[in-house]
Structure formats: structure tokens, C-alpha cells
Amino acid sequence: MRNRVALLVALGIDNFGSGLFLPLGLVFVIRVVGLPLAQAGSAVTLGALAGLLVPAFAGRLVDLIGPRTVMICSHVLQAAGVSAFLLAEGFAGVVGASVMLAAGQQLFYSSQFSLIADVAGEGPKDRPFAEAAMVRSAGFGLGGLAAAGLLVWVGREGLYVVVMLDVATFVIAAAILSTLVTPVPRHLPRCSASARVWRNRPYLALIVFSGLFALTMDFFLIGMPVYIFNALQGPRWLPGAIIALLTVVTSLGGVVGLRLTRKLTRIAAMRVGSALFAVWCLACLMVVFVPKVFQPVYLLGATLVLAAGDLAFGPRSGALAEAAAPPEARGRYLAAFQYAFTLAAVIAPAVVALFSVAVWIPWVLVAACACTAVVGLGRVGPRLPAEAVSPTGR
């Protein structure tokens, strides 16, 4: 229990810092470092792309030295990367800082599922994953609110405060993991060639369909402001209110979502979540037929549909990925599972850019991806380990 509480505290602090800095990272590069928008965006994107290389070897580190050590290293590397933004001069300096930060983030994501599973102990991991998601969502949301407050009250100098606070959160999180989370003994057999991820087609399919879930969420985060401002000419407060609503619901509703779907298999719950994502896309597309005065309330209501889909899909996908991985190669499998989220983050901006072609194209595309996940998960479910799909003792 002490391990679980300490880990949740560390995750909450880590995500509070990420909520402080990540939404303002590009703003810091433009206003403080002084790069023009095009160069700033290119430099940060190059760093993010370099980070995509990390999960390929991070899983081996997790299996070799344990997820706690890898996560501690991720916090140290992220602290160094954020600190480097303070010293960055010119395009090359921003690229270097972005590479360190992105590499640290990918180390974190490649080890978090394994560490949560280790700390949770024996039995199904649905609830531990749901609790971790709740804490992380709450931490990120509070960090975003704190960053907004600093910019309002302090102004441009608040960007420096945001960076320094973010560095401090990574250091504190690493210290908590080092001192309060006891390493879990790992006596695993040597990984055989048959346990390699790329040979496990059902698991690769699970990664793909989980990536379609992640694409919906990333599209929501960066696409909704574009849709509201450019297509609907909506009020400036609405995107923030929508994201805040999603944060509140997902921060408080994780365990409730598990209870409401407790009679479903993991695959069935994920299919329900994907179907709700498709409904959300179509509902948002139909907002053009709603009188303008009612559009904000309508979109806030549609966000509840998205939140329900996230609560149904998110914890189940992580628990299924963990349970379906061979014990001797769990670190490698869960690191590979991280590509579902990293690739979605890369693809989402391109999908949002399709608004410039026609306002309906991104919505139909994302809805089609969600429907593909509904069908695909139904087909891949019987090919995954039965105990992973429908565990006993839930």
C-alpha cells in the first residue's frame, strides 16, 4: 500500500509539472528564446520525432534493470531537458533541449505501465491503471490552471517560473521513487525469440487499435480549439471550458467507469469506448445545425460522451496490454505498446490540418478510425490470451 500511494503521489507531481510546461513550451521558445514561430515549431517537432526512437530500446532496459530505475532516469532526463530550455540559444539549442525532454518523456511512458503493474502486485490491473490515470489527469489539469494563473498574474516572467517549477516537480518525483517506492523483485526467465513483439500479430493489432483511441484523444486536444474558433467562430472561453470538463470527469470517474463496465470483458469495454468516440465525432460535426446561442452547451454535452468513451477504453487497454504480454518480455511489450500513443501524437496535427480542406473531413476520418477499432477489436479479441481478455477475480 505504501508503494502504491508513493507511486501515485509521484505520478501526480510529475504530471502537475507537465501540465505547467508542455502547453507553454512553444510559447517559451518564441517569447523567451526568441525564435520565430516557424523555426520554433520545427525545432520542437524534431525533438519529438527523435523521442520516437526511445521505446525501441527502453523496453529492454525495463526488463534488464526494472521499471522503477528507468522511470527515475526518465525524470532526471526530463529535468535536464526542461532546464536546457533556460540556456537554449538559437535553433540548435532548442532542438537539443527538445530531444532531451522528448527522450525523457518516452522513457517515462515506456516504463509507467510496468511499474504500475509491479507495484499493484498479483491480480488484474484494471483498477490500478484507472487510479493512475485519474491522478495523472488531475495533476496535469491542475498544472495547466497554475500555468494560466502565473501568466495572468506575473506576465512574461511567469514563463521562467513555469520552467523552474517543472524542473522541481521532476526532481521531487524522482526523489519519491528513489526513497519511498521499494523495488519489486523480478525473477523472470530469459526472453525467448518467440516472445518478440513483432512476431506477435494479435498484440501488434492491439497496439494499432489502441492507437486509434489515442488519435481521437489527441485530435480532441489540438483540434477542438481550431474547430471552435475557425469553423464555428465560438467564444474564446469555450475550448478551455471543454478541456476542463474532460479533465474533471476523467479525474473523478475512473473507478466509477470500471464499476459500470465490470460485467464486460476488456475487449467489450474497449469496443464500447470506441463506439462512443464515433458518436462524439458525429455529434460535433452536427453542431453546425444547432442554433449558435446553444452551441457551447451542446459541445459541453458532447464532451461528456467523449469522457465516457475514455473511461471505458483507457484503463482496460492498459490492463489488457499488460496481461497479454509474456512475463519474461513484459517491459519490451509495454514499451512497444507506447507506440500507440506516440504515433497518434505525430499523426493528429496532420488530421487537424485537414480542416483547411473541408470542415467535415477530420470528423469523418476520426469517426471512421473509431469504427475500425470497434470492428478490429472484435476480431482480435479471440486471438489474445483468454485470461487477459476476461480475467478472473475482477
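The first residue in the sequence is number 1, and the count goes up from there.
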CG of L159 to CG of L86, rounded to nearest 0.5 Å, is 10.5 Å

Whether the side chain of Y203 engages the backbone of A321 through a donor-acceptor N/O pair (distance < 3.5 Å, no angle test) should be reported.
yes

Going by side-chain heavy atoms closer than 4.5 Å, which hydrophobic residues are tied to L260, directly or by a chain of links?
V256

Has R2 got a side-chain atom pairing as donor or acceptor with L180's backbone, closer than 3.5 angstrom?
yes

Closest approach of A345 and P349, non-hydrogen atoms and distance?
O-CD, 3.1 Å

Looking just at side-chain N and O atoms, do S317 and S210 make a donor-acceptor pair shorter than 3.5 Å?
no

Give every residue pair that meets the salt bridge (charged side-chain N to carboxylate O under 4.0 Å, His left out) criterion with at least one member in residues 38-49, sequence neighbours excluded.
none

Work out which heavy atom in A10 is nearest to a heavy atom in A173; give both atom names and the distance.
O-CB, 3.8 Å

Please step through ring-ring contact (aromatic ring centres under 6.0 Å, His included) for the pair Y109 and F113, ending with a clear verdict.
CA-CA 7 Å; Y109 292 126; F113 287 126; 8.7 Å; no

Between R266 and D126, is there a salt bridge with N-O shorter than 4.0 Å?
yes

Hydrophobic cluster partners of V375 (side-chain heavy atoms under 4.5 Å)
none

Donor-acceptor contact present, side-chain T261 to main-chain L264, <3.5 Å
no

Check: S18/R136 side-chain N/O donor and acceptor closer than 3.5 Å
no

